[in-house]
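Down below is the structure, laid out as structure tokens.
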Amino acid sequence: MRFKIVFLALTSATNLFAQNSADSSFVISQELANITIVAPNEIRKMREAAMPISILGTRQLEGTATNINDALARTTGITVRNTGGVGSASRISVRGLEGKRMGIYIDEAAIGQLSDYMTLNDVPTDMIERIEIYKGIVPYRFGGSALSGAVNVVTKEYPSVYTDASYEIASFNTHKLNFTFKRTNAATGLQFGVGGCLTYSDNNYKMHLQNLENRVVERNHDQFKKVMMGASLKATKWYFDEAKLELVFTGTRAEIQGIDSDIREAYNHGMSGIAAITLKRDNFLIDGLDLDFDGCYSYGKNGLCDKAMFRYDWDGNKYPAVSPYGGEQGNYASDSDNRTHDFAGKLNMNYLLNEHSTFNINLYTTYTKQKPENELMDKSFGYKTTFPSRMSSFTVGLSYDLTLFNGKFMSSTTLKNFNYSSDTKVLEYTYINSPVDMSLSRNHWGASEAMRYKITKHLMAKAAFSSEVRIPTSEELTGNGYSILPATNLEPERCKGMNVGMLFHHANQFGFIEVEANFFMNQLDNMIRYQADMIPSMARYANFGKVLTKGVEAEIKGDVTSFLYLYANVTYQDLRDKRKHEIGSLEKNPTYNKRMPNIPYFLANFGIELHKENLFGGKFQNSRLLIDASYIHEYFYDFEMSKYQDRKIPTSFTFDTGIEHSFFNNRWTLTFKVKNLTDRTVYSDLNRPLPGRNFAFKVRYVMK
């Protein structure tokens with residue numbers, strides 16, 4: 001897999017576009033001996049593809065956003081749900097479908113299996129060329145299974161000699177250090193690079209506890225530490241056009257912040273080692289056949305340490321732990337050491353038959369072996385509670401791309417087969433110490449069709465239809481060894497969806513103007529939800545039933561003048577429970593046709609960018625002033641059974657602003673940002689307050 005997460009200066013020696021041209025998304029012009037060559041750049045080409053897609057360039061990534069989640073949250077149809085500050089858990093939602101239904105990729109390499117050790121936010125925004133957000137349909141070349149879409153982070157292709165280092169200091173004692181270093185030997189074509197990042201934060205912001213009459217306290221146990229280091233060796237003059245070996249190490253320690261009680265000692269921890277190989281060759285064996293292979297192996301261990309002998313409330317009162325072995329969060333103690341072996345491999349072969357037809361085959365396989373150990377939890381329950389497990393999957397995708405009428409019409413047709421199996425042991429009843437062997441093996445089919453037609457030079461119509469399958473993850477099927485129990489009876493999710501939209505794009509003297517509108521509808525069957533179990537403080541995943549989504553989204557953005565860029569977008573998504581009966585019963589479902597809870601249904605964003613070269617005199621300087629606003633309307637945490645119920649996540653309307661100044665032709669860049677400028681109290685989940693107003697200052701140095 002191409003894990004260019006912390007050493008992204010390790011790629012081929014290609015020149016970067018200037019910052020403005022990389023974002024302009026319309027055309028690149030070059031004058032060569034009185035001949036002007038005009039061609040769409042990469043972002044424009046992708047926007048004109050048949051699949052529904054949104055793209056974030058460096059303009060959005062290097063503004064007020066401090067991480068990938070910030071940038072995604074301002075995108076049409078995207079919601080990001082954080083549980084706290086730096087390093088907190090987050091869920092990315094596309095058109096209301098969130099979490100594991102999203103495919104998460106870095107340079108088209110899936111990182112879903114490695115979610116215990118790394119997240120999208122671990123990729124520094126300085127190292128990203130663009131972010132691709134696919135809605136409803138996941139490109140066949142990515143492999144794997146996903147339902148609501150995919151997020152693919154495309155990292156930058158750096159010059160042959162490159163150094164990039166940055167340091168950021170922010171509120172709540174937050175520090176972030178990133179660096180990359182790359183060198184290339186022109187004679188041998190060998191490229192070597194190293195890189196790393198270090199993140200630390202106390203996350204000690206004030207929070208309002210709604211469950212305690214809006215009492216204000218300081219988060220006193222939310223410290224986060226993470227280190228990532230990597231190295232890469234790449235060859236470009238061997239048999240393969242590109243042969244690359246990458247090694248990555250990650251280490252994380254995250255304290256657990258109490259909300260309902262004052263947790264003082266519990267924390268999560270994890271570390272991993274990752275080895276990845278990439279092989280690419282154009283015209284492999286025959287002309288027109290391109291080969292792309294990725295393979296990745298990772299070994300990791302993670303767990304929960306929760307063995308305090310006393311619990312505390314927010315008044316400072318002290319209580320003994322429920323278990324004689326300790327534990328602050330629930331009724332048992334934990335000191336887990338869960339070891340995991342993961343393998344993922346992808347082979348993509350693309351054959352260009354002629355100017356009209358392209359065929360593609362994608363083979364994607366995964367294997368996960370878990371060995372959880374938690375002697376302290378076993379002592380708390382009085383019997384062994386965790387067992388080894390394994391899960392494997394194999395996906396085959398066949399695709400056909402068709403282009404007609406001088407490129408006006410494009411079509412992409414895909415057929416997929418999903419096969420997976422798992423083995424584990426399960427305690428069927430909490431009071432009987434008799435584990436039962438559980439095995440399963442299943443096979444399913446999926447398909448999708450995406451079309452695009454250019455009505456005029458500037459206006460195009462898009463339509464996409466899909467019947468996709470999402471295989472349950474290893475965590476959903478076999479648990480995680482300390483807080484999630486196995487659920488081997490899970491059925492895979494299936495989503496039947498459609499998207500119809502229009503896209504208008506017009507280049508003007510200042511840059512471009514773009515307008516897009518989409519209508520979408522999805523029916524999700526066998527929805528998988530996380531729910532509490534009979535075992536205290538434990539949970540497992542279960543199939544919920546049927547959910548129907550209907551919605552519209554619209555966006556306008558562009559360069560208004562030579563110094564002013566504007567954008568605005570709005571999304572309305574209506575998700576309804578379509579179960580006519582209670583699960584496993586003939587009783588009528590009281591929530592039938594009611595809006596699904598804990599999912600925002602109306603959201604909007606807008607922003608302004610003012611930019612000017614040499615604003616303060618001199619040469620080779622550039623200044624930017626940015627303002628971004630985000631609005632999310634209030635929504636219910638539970639099903640809305642009465643208009644008087646008060647379990648709501650309140651409306652949020654926040655502003656972020658930033659000032660950026662670069663000099664010495666972008667060698668040095670200084671950035672000052674203010675998040676949540678008006679200091680609004682914001683909740684992502686019930687009783688989960690997010691940081692108020694906070695500040696960040698960053699200095700970056702680039703040499704190439």
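Asp164 contributes no side-chain N or O that, together with a main-chain N or O of Met127, makes up a donor-acceptor pair within less than 3.5 Å. With hydrogens and angles disregarded, a donor-acceptor distance shorter than 3.5 Å links the side chain of Ser684 to the backbone of Asn82. With Asn543 contributing its side chain and Gly545 its backbone, the two residues share no donor-acceptor pair below 3.5 Å. Checked by atom type and distance alone, the side chain of Asn589 pairs as donor or acceptor with a backbone atom of Thr591 at under 3.5 Å. Put simply, the side chain of Asn173 never gets that close to the backbone of Asp202: no donor and acceptor are under 3.5 Å apart. Between the side chain of Trp314 and the main chain of Leu212, no donor-acceptor pair closer than 3.5 Å is present. A distance-only check finds a donor-acceptor pair linking the side chain of Arg693 to the backbone of Leu677 [under 3.5 Å]. Judged purely by atom type and a 3.5 angstrom limit, Ser336 has no side-chain atom pairing as donor or acceptor with the backbone of Asn338. Ser380 places no side-chain N or O within donor-acceptor distance of the main-chain N or O of Tyr332, the cut-off being under 3.5 Å. Thr252 places no side-chain N or O within 3.5 Å of a backbone atom of His269 that could act as its donor or acceptor partner.
At least one side-chain heavy atom of Val682 sits under 4.5 Å from a side-chain heavy atom of Asn676. In this structure, Ile649 and Phe636 have side chains that are not in contact, with every pair of non-hydrogen atoms separated by 4.5 Å or more. When side chains are defined from C-beta on, Lys425 does not count as touching Met438, because their heavy atoms never get closer than 4.5 Å. With contacts defined as side-chain heavy-atom distances shorter than 4.5 Å, the pair Thr174/Ile169 does not qualify. A 4.5 Å side-chain heavy-atom check between Asp122 and Met228 finds at least one atom pair inside the cut-off. Residues Glu255 and Asn268 fail the side-chain proximity criterion, which asks for heavy atoms closer than 4.5 Å. By the 4.5 Å heavy-atom criterion applied to side chains, Gln573 and Leu603 are counted as neighbours. The shortest distance between side-chain heavy atoms of Lys673 and Thr657 does not fall below 4.5 Å.
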_Evaluation steps, side chain to side chain contact (heavy atoms under 4.5 Å, CB included), between Ile528 and Arg470_ = CA-CA 10 Å; Ile528 296 175; Arg470 185 183 75 85; 3.5 Å; yes
*Could you walk me through whether Ile104 and Val153 pass the side chain to side chain contact (heavy atoms under 4.5 Å, CB included) test, one step at a time?*
CA-CA 8 Å; Ile104 305 297; Val153 175; over 6 Å; no
*List the steps and the verdict of salt bridge (Lys or Arg N to Asp or Glu O under 4.0 Å) for Glu493 and Arg101.*
CA-CA 9 Å; Glu493 294 180 326; Arg101 300 177 190 92; 3.0 Å; yes
_One pair to check against side chain to side chain contact (heavy atoms under 4.5 Å, CB included): Val86 and Thr199. What are the steps and the verdict?_
CA-CA 9 Å; Val86 176; Thr199 303; 3.7 Å; yes
*Would Thr368 and Asp342 count as a side-chain hydrogen bond (donor to acceptor under 3.5 Å, both in side chains) if you check the C-alpha gap in whole Å, the side-chain angles of each, and the deciding distance to 0.1 Å?*
CA-CA 5 Å; Thr368 298; Asp342 283 297; 2.6 Å; yes
*asked:* Run Lys675 and Asp70 through salt bridge (Lys or Arg N to Asp or Glu O under 4.0 Å) and show every step you take.
replied: CA-CA 10 Å; Lys675 310 287 292 182; Asp70 285 345; 3.2 Å; yes
*What do the steps show when you test Met207 against Tyr683 for side chain to side chain contact (heavy atoms under 4.5 Å, CB included), and what is the final call?*
CA-CA 10 Å; Met207 60 180 180; Tyr683 296 88; over 6 Å; no
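Closest heavy-atom contact between Thr424 and Ser389: OG1-CB, 3.5 Å. In plain terms, the two heavy atoms of Ala308 and Glu328 that are nearest each other are CB-CG, 3.4 Å. Taking each heavy atom of Leu575 and Gly96 in turn, the nearest pair found is CD2-O, 3.5 Å. Contact detail for Ala696 and Glu168: the closest heavy-atom pair is CB-OE2, 3.6 Å. Contact between Ile256 and Leu304 at its shortest, heavy atoms only, is CD1-CD1, 3.5 Å. Taking both residues in full, the closest heavy atoms of Gly84 and Pro691 are given as O-CD, 4.1 Å, listed atom of the first, atom of the second, then distance.
Not a single side chain to side chain donor-acceptor pair (under 3.5 Å) links Asn204 to another residue, sequence neighbours left out. By the side chain to side chain donor-acceptor pair (under 3.5 Å) test, Asn214 pairs with no residue at all, sequence neighbours left out. The ring pair (Phe, Tyr, Trp, His ring centres under 6.0 Å) test applied to Tyr205 returns Phe172, not counting sequence neighbours. With sequence neighbours left out, His208 forms a ring pair (Phe, Tyr, Trp, His ring centres under 6.0 Å) with no residue at all. With sequence neighbours excluded, the residues satisfying side chain to side chain donor-acceptor pair (under 3.5 Å) with Ser90 are Asn69. Contacts of Asp638 classified as side chain to side chain donor-acceptor pair (under 3.5 Å), with partners at least two apart in sequence or in another chain: Arg647.
A salt bridge links Asp656 with Arg74: the distance from a Lys NZ or Arg NE/NH1/NH2 to an Asp or Glu carboxylate oxygen falls below 4.0 Å. Salt bridge status for Lys206 with Asp679: absent, with no side-chain N to carboxylate O gap under 4.0 Å.
Between the side chains of Arg700 and Tyr167, not a single donor N or O lies within less than 3.5 Å of an accepting N or O. In the model, Tyr200 has a side-chain atom that pairs as donor or acceptor with a side-chain atom of Gln223 under 3.5 Å. Using modelled atom types, one finds a donor on one side chain and an acceptor on the other under 3.5 Å when comparing Asp262 with Asn220. In this model, a donor atom of one side chain and an acceptor atom of the other lie less than 3.5 Å apart for His633 and Tyr631. Side-chain contact of Asn593 with Asp577: a donor-acceptor pair under 3.5 Å is absent, judged by distance alone. Counted by atom type alone, Asn302 and Arg339 present zero donor-acceptor pairs between their side chains at under 3.5 Å. Side-chain contact of Ser334 with Asn374: a donor-acceptor pair under 3.5 Å is present, judged by distance alone. Checked by atom type, the side-chain pair Thr654/Ser630 shows no donor-acceptor distance below 3.5 Å. Side-chain N/O atoms of Asp378 and Thr385 include a donor and acceptor closer than 3.5 Å. Remark: the Thr79 side chain and the Ser93 side chain contain no N/O donor-acceptor pair separated by less than 3.5 Å. In summary, the side chains of Thr119 and Asn121 do not present any donor paired with an acceptor at a separation below 3.5 Å, with no hydrogens or angles considered.
Both cation-pi conditions hold for Arg595 and Tyr601: the charged atom is under 6.0 angstrom from the six-membered ring centre and inside a 45 degree cone around its axis. Remark: Arg264 qualifies as a cation-pi partner of Tyr312 under the 6.0 Å distance and 45° angle criteria applied to the six-membered ring. Stacking of Arg579 on the aromatic ring of Tyr592 is not recorded, the 6.0 Å distance cut-off and the 45° axial limit not both being met.
Within a 6.0 Å sphere centred on NZ of Lys176, heavy atoms belonging to other residues, nucleotides or ligands number more than 12.
In this structure, Phe655 has its ring center under 6.0 Å from that of Phe653. Two rings, from Phe310 and Tyr319, have their centers 6.0 Å or more apart.
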